Amino acid sequence: MILLNGKKTSQEIKEEIKLKVSAMKERGERAPHLAAVLVGSDGASLTYVGSKVRSCEQIGFESTLIRLEDDTTEEALLLQIEQLNQDATLDGYIVQLPLPKHINEERVLLAIDPKKDVDGFHPANFGRMALDLDAFIPATPFGIMQLLERYKVPTSGKHCVVVGRSHIVGRPISILMSQKGPAGDATVTVAHSRTQNLAELTRQADIVVMALGIPEYLTADMVKEGATIIDVGITRVADDTHPKGYVIKGDVAFDEVAAKASYITPVPGGVGPMTIAMLLQNTFLARQWNQA
Ligand code: GUN
């Protein structure tokens, strides 16, 4: 069994970007600049946005954190977005999700200039990705593709079962893995909450991507010997024995599934750290694509 070490791979990717940024600065060019907008004070969102900003500093990017109150109106947020769209010193930005209930998420995502949409959530980017054109690919599926490629996991002609059809993970990874090229050329099945006999499907899979959000759902009896297992789950489960009062659980019963797998991502330390590295990669690409 080979562990797909996202912590290590993400550090390598960050190191690669850091070198390119140094070279840029030596040429007298401006460093890439990422901004993050956080509305409210949700604990998990604060943690995520905090590590995004810290990672920028580590690799020599400029970063800006824009914090808005919980009761910020949709109009005020749209105005902020318009300012970010116009800001020529900014290469890309993200609006951290989820947004407070009184704000229409779709309207907000549509307002982001696709050229600065480093999350890849705008329909223009999703469409471009689906049509094999240059696009910002959402960070989580982009991170999974990088892990598969860098560890040379065979995907061509393999049967991949994706469990989950979210716009951020399940849907895009199903498209990417069926496309031509590295980590692609797979035969993809998308399973979801209405799928019947899920275990029958996952048992046929050479690769299982779990993006369901139910802790330890995938058990050893549901996978075939030698399968590759990608676990996108990150659920906080209450645990009083831990200082934080919770532990992070993936969608895979790790120990028993790892015993049968040829490659598997751990949680934490698998797909999670890759997402930040790929957000930085998208910001670097934004800097290159938009400077012409
Ligand atoms: N919330 C959880 N994941 C993400 C992400 O990748 N981007 C943004 N903007 N919000 C998130």
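Numbering of ligands and ligand atoms starts at 1, following listing order. Keep in mind that what you see is a predicted model, and the values were worked out from it rather than measured.
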Distance under 4.0 Å, heavy atoms only, partner ligand 1: which residues pass?
Lys52, Val95, Gln96, Leu97, Asp119, Phe121
CA sep, side-chain torsions, deciding dist, call: Gln86, Glu82, side-chain hydrogen bond (donor to acceptor under 3.5 Å, both in side chains)
CA-CA 6 Å; Gln86 299 300 332; Glu82 195 43 44; 2.7 Å; yes
Any chance you could measure His242, atom NE2, to Arg236, atom CZ, to the nearest 0.5 Å?
13.5 Å
Hey, could you give me each pair passing salt bridge (Lys or Arg N to Asp or Glu O under 4.0 Å) that has a residue in residues 91-108? Not counting sequence neighbours.
Arg30-Asp91, Glu74-Arg107
Listing request: all salt bridge (Lys or Arg N to Asp or Glu O under 4.0 Å) pairs with a residue in residues 223-234, at least two apart in sequence or in separate chains.
Asp206-Lys224
All side chain to side chain donor-acceptor pair (under 3.5 Å) counterparts of Arg194, not counting sequence neighbours
none
Do any N or O atoms from the side chain of Lys116 and from the backbone of Leu84 form a donor-acceptor pair under 3.5 angstrom?
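Yes; at least one donor-acceptor contact below 3.5 Å.
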